[in-house]
Amino acid sequence: MSSTRPRLRCADLVNFSAPPVAVAQALIGYTLLVDGVGGRIVETEAYDVDDEASHSFRGMTPRNGAMFGPPGTTYVYRSYGLHWCFNFVCREAGHGAAVLLRAIEPTHGIEVMRARRRVESLRNLCSGPGKLAQALGITGALDHRRIDAPPFVLVPPDVASVVNCGARIGISKAQHLPWRFTLSESDFLSKRL
DNA sequence: TTTACGATTAACT
DNA sequence: GTTAATCGTAAAG
């Protein structure tokens with residue numbers, strides 16, 4: 001065996017003090033579990049300060065308060081009146097920067113997720129922000145919590161991930177920014193890149 | 001108080 | 001490809 005090749009060392013945990021674009025990229029390949037249910041993160045989007053598409057762009061409101069918490073804070077909001085979407089805060093407290101989780105490859109608690117989603121197909125279980133929140137049991141009750149505390153577990157990948165980027169989905173402002181990140185070749189994305 | 005609109009999804013044609 | 005569902009939020013009046 002080659003003794004010169006350095007062992008690939010992944011960060012112990014994502015540095016949530018980094019800008020959201022870096023965090024969104026770094027999170028690809030991590031395994032997210034909520035009460036033991038979840039899988040590999042395969043799609044994220046970054047929402048930065050001075051970003052017209054971000055909920056925090058116009059300052060703090062009752063809904064987006066968690067976005068202005070310290071790095072590692074969870075931000076859960078309701079989308080279109082019926083879906084929940086799950087974010088991690090990054091940069092630093094008060095900036096309102098965050099990363100949206102958009103898709104997960106199911107690996108843990110698949111039957112639980114199938115029951116919650118009432119869907120059989122693995123590909124349709126967590127392939128979208130609303131879908132993954134439903135599958136993992138994420139609701140507004142998990143807003144403004146810490147990602148490094150129960151019920152959350154974030155496990156680093158054991159191999160480097162090949163990450164692609166492209167335009168974010170479902171926004172009307174700042175559409176040109178390539179701030180959507182995906183695991184290359186993944187079959188579990190919300191939409192092909 | 002009123003109104004317009006989503007960081008979406010599922011079910012259509 | 002198109003559109004209905006569905007309602008909290010925030011901007012406007």
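Residue numbering restarts at 1 for every chain, and letters A, B, ... go by the order of the sequence lines.
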Q) In whole angstrom, what separates A:Arg180's CZ from B:dA7's P? A) 16 Å

Q: Calculate the interatomic distance between A:Tyr75 atom OH and C:dG8 atom C1'; express it in whole Å.
A: 11 Å

(Q) Using the side-chain heavy atoms of A:Thr61, tell me which of these nucleotides is nearest: C:dA10, B:dA10, B:dT8. (A) C:dA10

Q) Counting side-chain heavy atoms from CB outward, which of C:dG8, C:dT9, B:dA7 is closest to A:Arg78? A) C:dG8

Q: Verify the stacking flag for A:Tyr77 against B:dA7: centroid separation must be under 5.5 angstrom and the ring planes must differ by under 30 degrees.
A: no

Q. Between atom CZ in A:Arg63 and atom C1' in C:dT9, what is the gap in whole Å?
A. 6 Å

Q: Report the relative orientation of the aromatic rings in A:Phe86 and A:Phe152; use parallel for angles under 30°, tilted for 30 to 60°, perpendicular for over 60°.
A: parallel

Q: Write down the distance between CZ (A:Arg58) and P (B:dA7), rounded to a whole number of angstrom.
A: 11 Å

Q: Would you kindly give the NE2-to-P distance between A:His55 and B:dG6, to the nearest whole Å?
A: 10 Å

Q) Just checking, any donor-acceptor pair under 3.5 angstrom between side chains of A:Arg116 and A:Gln134? A) no

(Q) Counting the atoms with a prime plus P, OP1 and OP2 as sugar-phosphate, which does A:Leu82 contact under 4.0 Å by heavy atoms, base, sugar-phosphate, or nothing? (A) base

(Q) Under a 3.5 Å cut-off for both contacts, is B:dA11 paired Watson-Crick or G-U wobble with anything, and if yes, with which nucleotide? (A) C:dT2

Q) More 5' along DNA chain B: A:Gln134 or A:Ser172, using each one's nearest nucleotide? A) A:Ser172

Q. To the nearest Å, how far apart are A:Asp143 CG and C:dG8 P?
A. 16 Å

Q) Quantified in whole Å, what is the P atom distance between nucleotide C:dT6 and nucleotide B:dT2? A) 23 Å

(Q) Mind checking if A:Arg168 touches a base, just sugar-phosphate, or nothing, with heavy atoms under 4.0 Å? (A) nothing

**Q.** Atom-pair distance (CE on A:Met60; P on C:dT9), nearest Å
**A.** 15 Å

**Q.** Options C:dA10, B:dA7, B:dA10, nucleotide nearest the side-chain atoms of A:Arg102
**A.** B:dA7

Q) Counting only Watson-Crick or G-U wobble pairs whose two distances fall under 3.5 Å, which nucleotide matches C:dA11? A) B:dT2

Q: Quote, to the nearest angstrom, the C1' distance that separates B:dC5 from C:dT3.
A: 16 Å

Q: Give, for atom CD of A:Glu43 and atom CG of A:Asn164, the distance between the pair rounded to the nearest 0.5 Å.
A: 11.0 Å

**Q.** Polar side chain donor-acceptor pair, A:Thr107 to A:Arg40, under 3.5 angstrom
**A.** no

Q: Would you indicate, yes or no, if B:dA10 has its OP1 or OP2 atom less than 4.0 angstrom from a side-chain nitrogen or oxygen of A:Lys131?
A: yes

**Q.** Between P of B:dT9 and CG of A:Leu125, the distance in whole Å
**A.** 13 Å

**Q.** Salt-bridge criterion met for A:Glu45 and A:Arg102 (N-O under 4.0 Å)
**A.** yes

Q: Look at all strands and tell whether A:Arg117 reaches a base, only sugar-phosphate, or nothing, counting heavy atoms closer than 4.0 Å.
A: sugar-phosphate

(Q) Assess the residue pair A:Tyr77 and A:His55 against the criterion (ring-ring contact (aromatic ring centres under 6.0 Å, His included)); give the C-alpha distance rounded to whole Å, side-chain angles, the decisive distance to 0.1 Å, and a yes or no. (A) CA-CA 10 Å; A:Tyr77 69 91; A:His55 288 168; 4.5 Å; yes

